[in-house]
Amino acid sequence: MRTLFNQLTPINLAATLCNRFSNSNHLCTSISASPNLPINQIAHIICCVLQECTSFSCLKKTHAKIFAYGLQYDSRILTKFAIMYVSFNRIDAASIVFEDIPNPCSFLWNVMIRGFATDGRFLSSLELYSKMMEKGLKPDKFAFPFALKSCAGLSDLQRGKVIHQHLVCCGCSNDLFVDAALVDMYAKCGDIEAARLVFDKMAVRDLVSWTSMISGYAHNGYNSETLGFFDLMRSSGVIPNRVSILSVLLACGNLGALRKGEWFHSYVIQTGFEFDILVATAIMDMYSKCGSLDLARCLFDETAGKDLVCWSAMIASYGIHGHGRKAIDLFDQMVKAGVRPSHVTFTCVLSACSHSGLLEEGKMYFQLMTEEFVIARKLSNYACMVDLLGRAGQLSEAVDLIENMPVEPDASIWGSLLGACRIHNNLDLAEKIADHLFHLDPVHAGYHVLLSNIYAAKSRWNEVEKVRKMMARRGANKIQGFSLVEYDNQVHKFGVGDRSHPQWEKLYAKLEELAAPMKHLGYVPLTDFVLHDIEEEAKEAALSYHSERLAIAFGLINTSPGTTLRITKNLRICGDCHNAIKLISKIVNRVILVRDMHRFHRFEDGVCSCGDYW
DNA sequence: CTAGGGTTAG
């Protein structure tokens, strides 16, 4: 062995040794046995050995050896260790090593910034980025994509803009990677216009930059733009891949555009992406959001190698369609199949229980989550539970739960409770919550509307007016309700009392025509859902032209008898429309599917699948 | 050493 050491160059030596010894432990033992080896050769050998390390523990063992040679202050060696630790996702270990390096090279800074960013520790990542600047080092084109990713992860637009300025100063704009990261950062921070500006200025755009933009549109609710941009990308000669397809599927689901979604499904089959678990899950979810639960389930059954997300998506699908029991059954099957649920899975299960009124089951799974599965509860889990209790009328239990939460409840938690107060017309509690809620989120229109609805239900018109003024003062503008319906490969959009559609006169005539048979079946308008104290007759008019009714009229006029109507609405369906549509389904003898903000309502023969529990 | 990605409450 000793002759071997003397004859070979360090690199060759290390390579030889690595072949001969299965791990660095043996190797270091051999080095110890050869005391004559010059220190820089040992350093070389250790560097080579490091690259061969296949696990964190192997790395740690090798690391322990360097102290014996006094190499623990060798920047070159430490740098390698830090990089290797990052490559094994051991950012903390890397960080400790990093601290000991007096003047890290920018390469290492970048690796560290990337390490924190990929680990989801965006603040630490940005802290390092700032530290690097403080040390007088100029970030390079490799540093910016990671720093921007961290801003995106934090949705921190302000910091993103600052880094945008830095990269312009450093002459790094017009780099394909940097620009793509900028587009992504702006999109994830919700500033889609800024994302588009960067995108438009790019001299060269590849598939990834197009996809960043498309995904930005999809995730910010610009659904038709998503589809339009996808077409634009294809016509400019860029071939879509599985990632870009995920965004269009999301958009189809959001729009409830079933035909379009089917087209993409067949496109996926043609292009061979159908066996990709992410694509398969996205297609499943699209079908479910477009109202085709059965198709979603077929796909689910056909999918090989179902993972946690795939299972959770199917459970969520049962939930929004009001099949709580099936959601629970599927959860149990998932556990039996050996897939470990996550806090998201529990959110899906709890929400399914809530929509189906499965109070005891929900309580049980809420317990099971921590006790059996040892999963920390997140805000979304509490929100579901508050919703479940509140909807079931257990308002004081819901309050109890909130008061004993280990984390600070946010607006969404109080919002759930306020929603329950609306259902049960509990004004006292609502007023107490509202104070708190408006403090946490003063510009949320929905919460104001809920409170106002409770006042309206009690004919407290002065207070209704007060809330309305409060909203105006705070700039909490009511979100315009709209409904979508797909027809002839087009998504048609209707607003409240909309007269902009080419067929508007026919639509109103259709609703007029339905008024008499509805009255005959006992329809009485539920006018508490009108925000203002106006004349009864005007209220009735305001209600009868809600966007979902116009969308239904459109569907009735343009499709053949018996065709299922599928409507997607951006807000919650109001109680009056819910009553009206039940009757309409009976009169016209059609299945009418309405997906509102929270769930599906399947109207058939005068009843709704939600059993009026919503 | 660089980028885009499927499920989640209100």
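Quick caveat, the model's predicted, so the values are computed rather than measured. Throughout, protein chains are lettered first and strands after them, A, B, ... in sequence-line order, and every chain is numbered starting at 1.
Nearest to the side-chain atoms of A:S412 among the listed nucleotides B:dA3, B:dT8, B:dA9 stands B:dA9. Among the nucleotides B:dG4, B:dG6, B:dA3, the one closest to the side chain of A:L278 is B:dG6. Here the nucleotide nearest the side chain of A:I277, chosen from B:dG6, B:dG4, B:dC1, is B:dG6. Of the candidate nucleotides B:dG6, B:dA9, B:dA3, B:dA9 has the atom lying nearest to any side-chain atom of A:A383. Here B:dA3 is the nucleotide among B:dA3, B:dA9, B:dG6 with the atom lying nearest to any side-chain atom of A:L176. Side-chain proximity of A:K141 to B:dG10, B:dG6, B:dT2: nearest is B:dT2. Between B:dG6, B:dT2, B:dG4, one nucleotide has an atom nearer to the side chain of A:F146 than all others, and that is B:dT2. Taking the side chain of A:D387 as heavy atoms from C-beta on, and the options B:dT2, B:dG10, B:dA9, the nearest nucleotide is B:dG10. You'll find that the side chain of A:A313 is closest to B:dT7, out of B:dT7, B:dG4, B:dG6. Taking the side chain of A:R391 as heavy atoms from C-beta on, and the options B:dG10, B:dG4, B:dA9, the nearest nucleotide is B:dG10.
A donor-acceptor contact under 3.5 angstrom links the side-chain atoms of A:T281 to the base of B:dG6. Side-chain atoms of A:T211 and base atoms of B:dG4 include a donor and an acceptor less than 3.5 Å apart.
The residue A:N381 sits apart from the nucleic acid: no heavy atom pair falls under 4.0 Å. A:L250 comes within 4.0 angstrom of sugar-phosphate atoms only, judged by non-hydrogen atoms across all strands, and of no base. Among the protein residues, A:S380 comes within range of the nucleic acid bases, having at least one heavy atom under 4.0 Å from a base atom. Heavy atoms of A:N241 sit under 4.0 angstrom from at least one base atom. If you check every strand for non-hydrogen atoms under 4.0 Å, A:D276 touches nothing. At a threshold of 4.0 angstrom between heavy atoms, the contacts of A:H444 with the nucleic acid are absent. When heavy atoms are screened at a 4.0 angstrom cut-off, A:K289 is found touching the sugar-phosphate backbone but no base atom. Nucleic acid contact class of A:L249 (heavy atoms, under 4.0 Å, all strands): none. Within 4.0 Å of A:D184, counting heavy atoms only, lie sugar-phosphate atoms of the nucleic acid but no base atom.
Atom NE2 in A:H219 sits about 12 Å away from atom C1' in B:dT7, given to the nearest Å. Put simply, CG on A:L148 is 20 Å from P on B:dC1, counting in whole angstrom units. Between the CE atom of A:M314 and the P atom of B:dG6 there is a distance of 19 Å, rounded to whole Å. As rounded to whole Å, 17 Å separates atom P of B:dT8 from atom CH2 of A:W311. For A:K149 and B:dA3, the NZ to C1' distance is 8 Å, given to the nearest whole Å. Regarding A:Y129, its OH atom lies at a distance of 19 Å from the P atom of B:dT2, rounded to whole Å. Rounded to an integer number of Å, the gap from A:L417 CG to B:dA9 C1' is 14 Å. Going from atom CZ of A:F199 over to atom C1' of B:dA3 covers 14 Å, rounded to whole Å.
Residues passing the ring-ring contact (aromatic ring centres under 6.0 Å, His included) test with A:H578, sequence neighbours excluded: A:H601, A:F603, A:W614.
Between the A:R595 side chain and the A:K289 main chain, a donor and an acceptor come within less than 3.5 Å of each other.
Ring centers of A:H166 and A:Y129: under 6.0 Å apart, within the cut-off. Taking the centre of each ring, A:F199 and A:F229 come in below the 6.0 Å mark.
Aromatic ring orientation, A:F264 versus A:Y267: perpendicular (interplanar angle above 60°, classes split at 30° and 60°).
Under the side-chain hydrogen bond (donor to acceptor under 3.5 Å, both in side chains) criterion, the residue pairs touching residues 142-157 of chain A are A:S125-A:S150, with sequence neighbours excluded.
Listed pair A:H598 / B:dG10 meets the phosphate criterion, a side-chain N or O lying under 4.0 Å from OP1 or OP2. The phosphate of B:dG10 has neither OP1 nor OP2 within less than 4.0 Å of any side-chain N or O from A:K378.
The shortest side-chain heavy-atom distance between A:L440 and A:D410 does not fall under the 4.5 Å cut-off.
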